[in-house]
Amino acid sequence: MENKKVKVTVDGKEREMSYEEIILEAAKQSGMSPYSIATKIIQEVGSKGSDSVSGKYPGYEGYYNFYNYAASDGGSPIAKGLEYAKNGTSSMTRGEKE
């Protein structure tokens with residue numbers, strides 16, 4: 001994530017931001033500490049990241065799931081988490097089988 005910029009939408013406008021800027025914006029909007037956000041990201045995906053935060057996972061290009069929401073064991077946890085990031089739900093939460 002260091003020294004990398006990605007395209008994001010903030011307040012309805014597409015911008016290119018660094019991860020540091022994204023974390024600060026998320027802290028501003030949520031009222032959370034940017035340190036808490038960064039710590040949780042490292043706890044979930046490690047300091048080098050994972051496929052869930054690459055933005056390049058097949059079928060989920062441009063989607064990121066830094067907190068691994070809805071990712072679970074079995075099948076493809078990364079795909080389940082990215083499906084949640086994309087749709088707000090996953091096959092696991094709908095009770096469907098892969």
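A quick note: this is a predicted structure, and the numbers were derived from the prediction, not measured.
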Do you know the tightest heavy-atom contact between [X] and [Y]?
X	Y	answer
Ala71	Pro77	CB-O, 3.3 Å
Pro34	Ile23	O-CG2, 3.6 Å
Ser33	Ala27	C-CB, 4.2 Å

Shared hydrophobic cluster for [X] and [Y] (ILVMFWY, side-chain gaps under 4.5 Å):
X	Y	answer
Val6	Tyr63	no
Tyr60	Tyr84	no
Met32	Ile42	no
Leu82	Tyr64	no

Distance in Å, Gln43 CD paired with Ser36 OG, rounded so as to fall on 0.5 Å steps:
11.0 Å
Return the CE to NZ distance between Met17 and Lys4, rounded to the nearest 0.5 Å.
15.0 Å
Who are the ring-ring contact (aromatic ring centres under 6.0 Å, His included) partners of Tyr67, not counting sequence neighbours?
Tyr69
Please list all pairs passing the ring-ring contact (aromatic ring centres under 6.0 Å, His included) test where one or both residues lie in residues 13-50, with sequence neighbours left out.
Tyr19-Phe66
For [Y], is there any backbone N or O sitting under 3.5 Å from a side-chain donor or acceptor partner on [X]?
X	Y	value
Glu61	Gly59	yes
Glu21	Ser18	yes
Asn68	Glu44	yes

By salt bridge (Lys or Arg N to Asp or Glu O under 4.0 Å), which residues pair with Lys5, not counting sequence neighbours?
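In terms of salt bridge (Lys or Arg N to Asp or Glu O under 4.0 Å), with neighbours along the sequence ignored, Lys5 is linked to no residue.
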Between Asn65 and Val45, is any pair of side-chain heavy atoms under 4.5 Å apart?
no
4.5 Å side-chain heavy-atom contact, Ile37 and Ser30
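When only atoms from C-beta onward are counted, Ser30 and Ile37 do touch, with a gap below 4.5 Å.
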So, Ser76 versus Tyr57: side-chain donor-acceptor pair below 3.5 Å or not?
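Indeed, the side chains of Ser76 and Tyr57 share at least one donor-acceptor pair under 3.5 Å.
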